[in-house]
Amino acid sequence: MKGRVYDIQGFSIQDGPGIRTTVFLKGCPLRCPWCHSPESQQFHPQLSWMASRCVGIEDCGKCLAACPRLAISPGKFAENPATQKTIRHIHIDRTKCDNCGECASVCTRKALYVCGTDYTVDDLVARLSKDIPFYEHSGGGVTISGGEPLSQSEFTLQLLTALKRRNIHTAVDTTGFAGYETIQSILPCTDLFLYDLKHMDCAQHRTVTGVANELILENAQRIARAGGKLQVRLPVIPSFNDSEENVRETGIFCKSLGNAVTLIQLLPYHNLGVMKYQRIDDSKPVLEAPVPSDEKIAALRRVLEDLQLPVTVH
Ligand code: SF4
Ligand code: SF4
């Protein structure tokens, strides 16, 4: 069986304990407007274009001729930051593109690439095993992230099982939006869940992310009862979930999970995803909000610490 991966990042230090390698799987059932990895949302492979790498159609233009669907045409004029020369970019008609990757195969500058590669469990484990010395020296391991890893549940289960056979510490970074039977199946081979709690109010959660939060909260309770460990992640999104009231309610919920919660991570909103949206489809709306101030984050941190919860900010 194969899983669809859009990135593998080594030397990750924010996705669980120690130095980790994080595998990002494609596909997610939520549509958070602040998502900083929009290329993770769709399950299918997606053509990406990085404007900063493109040298322009006058000096290259190989992709125009390579596209069998005539989806690429001359685009806007822009300045090449490396040479300060005015160049003409490409325009991709996404309604014609079927993500076949022919254009990417001729783009020597790697401005065009297809996001989403299929791996067998064996191939991926071979790649991840190369980093075992780092895991061993730092108390790290492998984190499976996304997207939503539980949307590729069978692949995730097989990958986790294979990693545990090699004594590698495993973490799963999840929205918690999955049937409990899926979570139950991976519990024995998951050392830690990195578990997102985006809002305690169900209606707001549904309006903004596209799904309700009842299943997510219930799954957290069931993981805790089953002896699983949770590192809870709170993305701090301006005008959505950044009130002290919501963070206090989240903290009280975490308290109710007892010692299953090992840490709460406050993740201040950042707008790095905006650029990534443009790479896959520049017509999509994204949230562009001010980054929360240090004072704001400190105040939210105090709310959780007052509840005697272990908190970190990343
Ligand atoms: S092949 Fe690559 S570098 Fe050349 S014009 Fe197309 S996108 Fe730009
Ligand atoms: S991925 Fe295929 S269809 Fe899409 S622009 Fe490139 S060559 Fe054309």
Side-chain angles (χ1 to χ4, degrees), residues 1-10 22-33 35-121 123-124 127 145-149 151-152 155 210 270-288:
M1 101 163 291
K2 289 186 174 179
R4 187 156 293 157
V5 174
Y6 75 88
D7 202 6
I8 300 172
Q9 281 177 11
T22 304
V23 180
F24 295 88
L25 301 187
K26 240 171 124 39
C28 182
L30 276 65
R31 287 293 176 269
C32 307
C35 181
H36 59 263
S37 303
E39 71 276 34
S40 73
Q41 294 184 344
Q42 302 286 344
F43 178 71
H44 64 79
Q46 284 170 289
L47 179 68
S48 298
W49 177 65
M50 276 179 77
S52 60
R53 290 186 186 164
C54 178
V55 293
I57 59 171
E58 294 92 344
D59 288 345
C60 174
K62 285 181 271 187
C63 53
L64 277 78
C67 178
R69 298 175 69 87
L70 305 179
I72 305 181
S73 57
K76 293 179 188 156
F77 289 95
E79 187 176 277
N80 182 334
T83 61
Q84 273 83 50
K85 210 174 109 183
T86 298
I87 59 171
R88 191 158 192 192
H89 276 158
I90 61 166
H91 170 72
I92 303 166
D93 184 343
R94 298 278 173 177
T95 63
K96 291 183 182 168
C97 173
D98 66 357
N99 301 294
C100 72
E102 291 291 322
C103 54
S105 67
V106 299
C107 180
T108 48
R109 303 281 172 162
K110 307 271 181 236
L112 287 162
Y113 57 95
V114 176
C115 195
T117 305
D118 292 348
Y119 281 85
T120 63
V121 172
D123 285 349
L124 198 46
R127 158 65 191 86
S145 183
E148 171 49 68
S151 292
Q152 297 190 50
F155 180 77
H270 61 72
N271 54 15
L272 297 177
V274 174
M275 200 173 53
K276 291 190 188 171
Y277 259 103
Q278 289 160 356
R279 286 180 200 163
I280 53 168
D281 181 355
D282 59 12
S283 64
K284 286 218 176 139
V286 290
L287 176 85
E288 285 193 76

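Counting convention: from 1, in listed order, for ligands and their atoms alike.
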_Only heavy atoms of Trp49, strictly under 4.0 Å: list the atoms of ligand 1 that pass._
7 (S)

Starting from [atom], what is the nearest protein heavy atom, named by residue and atom, and what distance separates them?
{"atom": "atom 3 (S) of ligand 2", "answer": "Asp98 OD1, 3.4 Å"}
{"atom": "atom 4 (Fe) of ligand 2", "answer": "Cys97 SG, 2.4 Å"}
{"atom": "atom 8 (Fe) of ligand 2", "answer": "Cys67 SG, 2.3 Å"}
{"atom": "atom 2 (Fe) of ligand 2", "answer": "Cys100 SG, 2.3 Å"}

Are any of the side-chain heavy atoms of [X] and [Y] separated by less than 4.5 Å?
{"X": "Glu102", "Y": "Arg69", "result": "no"}
{"X": "Ile87", "Y": "Val55", "result": "no"}
{"X": "Tyr113", "Y": "Met50", "result": "yes"}

I'd like to know if the side chain of [X] reaches the main chain of [Y], judged simply by a donor and an acceptor atom lying under 3.5 Å from each other, with no hydrogens or angles considered.
{"X": "Gln46", "Y": "Gly116", "result": "no"}
{"X": "Lys26", "Y": "Pro45", "result": "no"}
{"X": "Tyr6", "Y": "Phe43", "result": "no"}
{"X": "Arg88", "Y": "Ala78", "result": "no"}
{"X": "Arg94", "Y": "Ile280", "result": "yes"}

*Environment of atom 6 (Fe) of ligand 1 in terms of protein N/O/S atoms, cut-off under 2.8 Å*: Cys63 SG

*Please identify which atoms of ligand 2 are closer than 4.0 Å to at least one heavy atom of Arg69.*
3 (S)

*Looking only at heavy atoms of Pro68, does any of them come nearer than 4.0 Å to an atom of ligand 2?*
yes

*Can you label the angle between the Trp49 ring and the His89 ring as parallel, tilted or perpendicular, going by 30° and 60°?*
perpendicular

